[in-house]
Protein chains: 2
Amino acid sequence: MPNGTEKPGLTRSVEGKVTINDIARLANVSKKTVSRVINNSPLVREDTRRRVQAVIKRSGFTPDPRARALAFRRSFLVGMIYDNPSPQYVVNMQRGILDALEDTGHLLVLQPCDRSNPDLLDQIRAFVREQKPKGVILTPSISEDEEVAEILRQEDCPYVRIASVAVDDSDKLVRTHDHDGGREAARHLASLGHTRIAHVHGPELFRSAHERRRGFEEGLAEFGLTLLPELTREGAYTFDTGVECARELLSLDNPPTAIFLGNDEMAVGAYHAARAQGLRIPEDISVVGYDDTPMASRVWPLMTTVRIAIRDLGGEATRLLLGGREYADAKGEVDFSPELIVRASTRSLNGAA
Amino acid sequence: MPNGTEKPGLTRSVEGKVTINDIARLANVSKKTVSRVINNSPLVREDTRRRVQAVIKRSGFTPDPRARALAFRRSFLVGMIYDNPSPQYVVNMQRGILDALEDTGHLLVLQPCDRSNPDLLDQIRAFVREQKPKGVILTPSISEDEEVAEILRQEDCPYVRIASVAVDDSDKLVRTHDHDGGREAARHLASLGHTRIAHVHGPELFRSAHERRRGFEEGLAEFGLTLLPELTREGAYTFDTGVECARELLSLDNPPTAIFLGNDEMAVGAYHAARAQGLRIPEDISVVGYDDTPMASRVWPLMTTVRIAIRDLGGEATRLLLGGREYADAKGEVDFSPELIVRASTRSLNGAA
DNA sequence: CTGAAAGCGCTTACAG
DNA sequence: CTGAAAGCGCTTACAG
């Protein structure tokens with residue numbers, strides 16, 4: 001029987017493409033049983049499972065994701081919906097999601113968005129309705145939008161939100177505790193003896209901005225200090241607004257001796273504003289940022305800032321998304337606490353290091 | 001006839017999900033004809049097309065991508081395969097691709113990779129074989145790898161490469177002309193009167209590194225200068241290597257008065273090295289970077305650098321991928337020429353601005 | 001220019 | 001624990 005055992009009868013795949021039918025035939029079971037093995041159904045006898053798995057391995061078969069997606073009525077895509085303006089934040093988050101997606105057969109698809117776009121909700125609805133992704137991950141600030149979450153629920157699309165405060169059930173949420181980060185920044189500056197301390201927070205639209213500020217006020221209060229309205233400004237988490245807000249603050253008749261800015265990008269802006277006015281960091285003004293982006297260790301002097309493990313955050317959000325309630329219960333409360341990184345942009349008021 | 005015209009007979013979609021069958025019934029044609037309209041086949045009478053389109057519009061029908069992917073034997077995904085270490089580069093490229101993908105029904109999926117990984121080729125092969133993406137876009141340096149391109153051809157996966165030199169047919173390539181960028185940097189420094197000029201190039205693995213260096217040498221030659229081996233270093237396109245290489249150069253008995261570094265990241269490293277040795281930029285040493293990342297306008301003094309329109313590059317690569325030979329011919333040669341951005345980190349040798 | 005049949009490669013729902 | 005039938009929503013190949 002010359003090559004009689006190879007690709008007999010049923011095989012239609014001329015191109016060597018192995019399908020579930022080939023596996024079924026080779027393992028002497030129905031394709032439904034192969035399907036059960038693929039999907040880890042417990043309803044398969046152990047020796048049957050082993051036999052099928054052996055054939056799968058030997059033939060190098062991988063189930064066609066397009067066919068599965070059609071039959072499952074759901075694709076193997078995980079969407080990342082984001083509006084964060086920081087490239088470093090975005091890339092780190094992507095990496096974290098990708099880490100957790102590895103070997104799961106899922107793909108990461110990008111869905112940047114813009115909260116000021118009136119079509120935002122329609123776009124998101126269209127995306128999840130058409131693509132039927134396995135789920136989506138929402139990062140700040142879009143993650144704090146209740147309308148978006150509501151649409152996802154309507155469309156029956158699983159999601160996990162990354163946010164600074166409790167905005168959802170714990171199995172749909174990874175918390176960043178920005179409140180604690182702000183408090184650390186305040187404690188650091190206050191313990192260095194500063195009393196006239198300014199704050200440039202992010203847009204009110206971002207809960208993170210609100211949280212960082214609230215935590216900052218709480219930290220100051222521990223030292224008997226309060227955040228003065230005249231020493232508070234609202235920036236847009238951008239370099240330019242950082243420059244402008246810092247410029248205003250440093251031009252006051254009685255300027256602050258320290259400034260905490262809501263993110264590194266704005267803090268670098270403060271560096272430039274200080275320099276433009278001939279002020280030295282940290283001799284004349286202490287500066288604290290937030291995020292610990294690479295830029296914080298590129299500027300001179302190296303910036304004191306608050307670090308948040310964005311990549312880990314992305315990984316955890318993804319495992320939560322794919323694992324669901326079950327994973328959340330098994331894992332318990334996951335905490336991503338911000339950490340103060342003290343470098344060279346802050347020093348004690350009286351001049352000591 | 002109470003609600004007799006609504007959803008009669010054939011409709012199985014309980015959930016209001018409209019399918020090609022509904023459209024066919026409503027428009028009084030076969031589903032094949034609807035399919036032709038969806039796919040812009042010319043084999044449809046104009047009035048038939050209009051009638052079908054009207055029904056599609058009225059019903060809000062969008063064809064199911066999963067079903068189309070299965071029937072087409074190809075998904076509506078565009079992969080971005082990249083190994084570039086710069087977040088800003090990556091994010092800009094993604095944006096450019098996303099720009100061009102908008103309203104085409106295609107999704108962007110991320111495939112980061114690592115050239116030092118021995119499984120690289122297998123991973124890429126597995127990805128394109130399993131997912132059957134509509135195509136992939138390769139960015140430097142992975143775009144310069146002939147083995148990867150060969151695998152893509154074997155697997156019959158369309159691709160477009162972004163590279164600094166001609167590595168492929170013009171309909172599969174978007175050129176960045178890094179050679180010209182290097183030349184501009186050289187002309188700038190030489191015309192400022194510098195003669196003792198150093199260069200820190202990127203890894204030899206990157207053609208871009210080679211091209212920038214070659215262009216730089218050519219530019220110097222126009223002024224009768226040559227790049228001295230003792231003033232040349234190889235970095236890894238990272239901040240740390242920038243610091244180290246610049247430190248070495250600035251420590252020479254007869255140090256250079258200007259340095260051109262292969263990217264902004266390393267150039268910022270040179271800022272730090274200079275500062276650590278008490279040297280001022282540009283008074284004591286002129287510095288030129290490459291890429292014009294946001295960091296170039298965040299550091300102090302603002303950095304002179306070479307700009308390349310990464311986002312546009314990504315968009316063009318995508319249109320080329322989706323449009324193919326036809327688009328390439330219609331569009332003609334597309335040029336992305338680097339542009340020198342003169343800021344404050346360079347000045348003439350005799351002290352003039 | 002149009003359509004009926006078969007098929008893409010899986011899974012669901014139903015039986016046994 | 002296992003399987004035969006029907007179906008997911010499209011397109012291809014073939015007729016007319």
Side-chain angles (χ1 to χ4, degrees), chain A residues 10-53 55-56 59-76 105 129-132 134, chain B residues 10-53 55-56 59-76 105 129-132 134:
Chain A
L10 289 171
T11 311
R12 288 186 208 89
S13 27
V14 194
E15 287 294 84
K17 164 114 175 142
V18 183
T19 75
I20 197 174
N21 289 308
D22 301 319
I23 305 301
R25 183 169 37 71
L26 260 27
N28 247 300
V29 294
S30 73
K31 57 203 276 195
K32 177 62 222 177
T33 295
V34 178
S35 172
R36 286 198 181 91
V37 172
I38 294 170
N39 293 294
N40 289 315
S41 160
L43 302 173
V44 185
R45 232 170 48 207
E46 203 39 52
D47 63 323
T48 308
R49 180 189 307 280
R50 256 194 275 279
R51 182 154 40 96
V52 173
Q53 271 166 343
V55 174
I56 288 178
S59 62
F61 167 72
T62 47
D64 186 318
R66 297 176 299 296
R68 296 185 85 196
L70 180 58
F72 270 135
R73 291 146 189 82
R74 197 163 275 292
S75 70
F76 289 83
R129 189 176 282 182
E130 281 163 30
Q131 302 298 338
K132 290 255 180 296
K134 187 63 68 62
Chain B
L10 289 171
T11 313
R12 287 187 210 88
S13 30
V14 195
E15 288 293 83
K17 165 113 175 145
V18 183
T19 75
I20 197 174
N21 289 308
D22 301 319
I23 305 301
R25 184 168 36 71
L26 259 29
N28 246 299
V29 294
S30 73
K31 59 202 275 194
K32 176 62 220 175
T33 295
V34 178
S35 172
R36 287 199 180 89
V37 172
I38 293 170
N39 294 294
N40 289 315
S41 160
L43 302 174
V44 184
R45 231 171 48 210
E46 203 40 52
D47 61 324
T48 309
R49 179 188 307 280
R50 255 196 275 280
R51 182 153 40 96
V52 172
Q53 271 165 344
V55 174
I56 288 177
S59 62
F61 167 72
T62 48
D64 185 319
R66 296 176 301 295
R68 297 185 84 195
L70 181 59
F72 269 134
R73 291 148 189 80
R74 198 163 273 291
S75 70
F76 289 83
R129 189 176 281 183
E130 281 163 31
Q131 301 299 337
K132 290 255 181 297
K134 188 63 67 65

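Naming: A, B, ... by sequence-line order, numbering from 1 per chain.
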| request: Report the C-alpha distance between B:D64 and B:T19 in whole Å, list the side-chain angles of each, state the deciding distance to 0.1 Å, and finish with yes or no for side-chain contact (heavy atoms from CB on, under 4.5 Å). | output: CA-CA 8 Å; B:D64 185 319; B:T19 75; over 6 Å; no
| Intermediate values then yes/no, salt bridge (Lys or Arg N to Asp or Glu O under 4.0 Å), A:D22 and A:R25 | CA-CA 5 Å; A:D22 301 319; A:R25 183 169 37 71; 2.9 Å; yes
| field | Candidate pair B:N28 and B:R51, rule side-chain contact (heavy atoms from CB on, under 4.5 Å), full reasoning | value | CA-CA 9 Å; B:N28 246 299; B:R51 182 153 40 96; 4.1 Å; yes
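For A:T33, a side-chain nitrogen or oxygen approaches OP1 or OP2 of D:dG3 to under 4.0 Å. Residue A:T48 places no side-chain N or O under 4.0 Å from the OP1 or OP2 atom of D:dC1.
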| note | Intra- and inter-strand pairing of DNA chain D, written as dot-bracket with Watson-Crick and G-U pairs under 3.5 Å and | for the latter, reads |||.||||||||.|||
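Residues A:V18 and A:I23 are in side-chain contact: their nearest non-hydrogen atoms beyond the backbone lie under 4.5 Å apart.
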| said: How would you summarise protein contacts on nucleotides 9-16 of chain C per nucleotide, using B for base, S for sugar-phosphate only and - for none, with heavy-atom distances below 4.0 Å? | reply: BBBB----
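A distance-only check finds a donor-acceptor pair linking the side chain of B:R66 to the backbone of A:E130 [under 3.5 Å]. A distance-only check finds no donor-acceptor pair linking the side chain of B:R50 to the backbone of B:R45 [under 3.5 Å]. With A:R36 contributing its side chain and A:R49 its backbone, the two residues share no donor-acceptor pair below 3.5 Å. Although no hydrogens or angles enter the test, the distance criterion places no donor-acceptor pair under 3.5 Å between the side chain of B:N39 and the main chain of B:S41.
For the segment residues 40-47 of chain B, residues with any heavy atom less than 4.0 angstrom from an atom of DNA chain C are, sorted by number, B:P42, B:L43, B:V44, B:R45.
Of the candidates B:V55, B:I38, B:L26, B:I38 is the only one forming a side-chain contact (heavy atoms from CB on, under 4.5 Å) with B:F61.
Shown here for A:A24 and A:S30, the closest heavy-atom pair between the two residues is CB-C, 3.8 Å.
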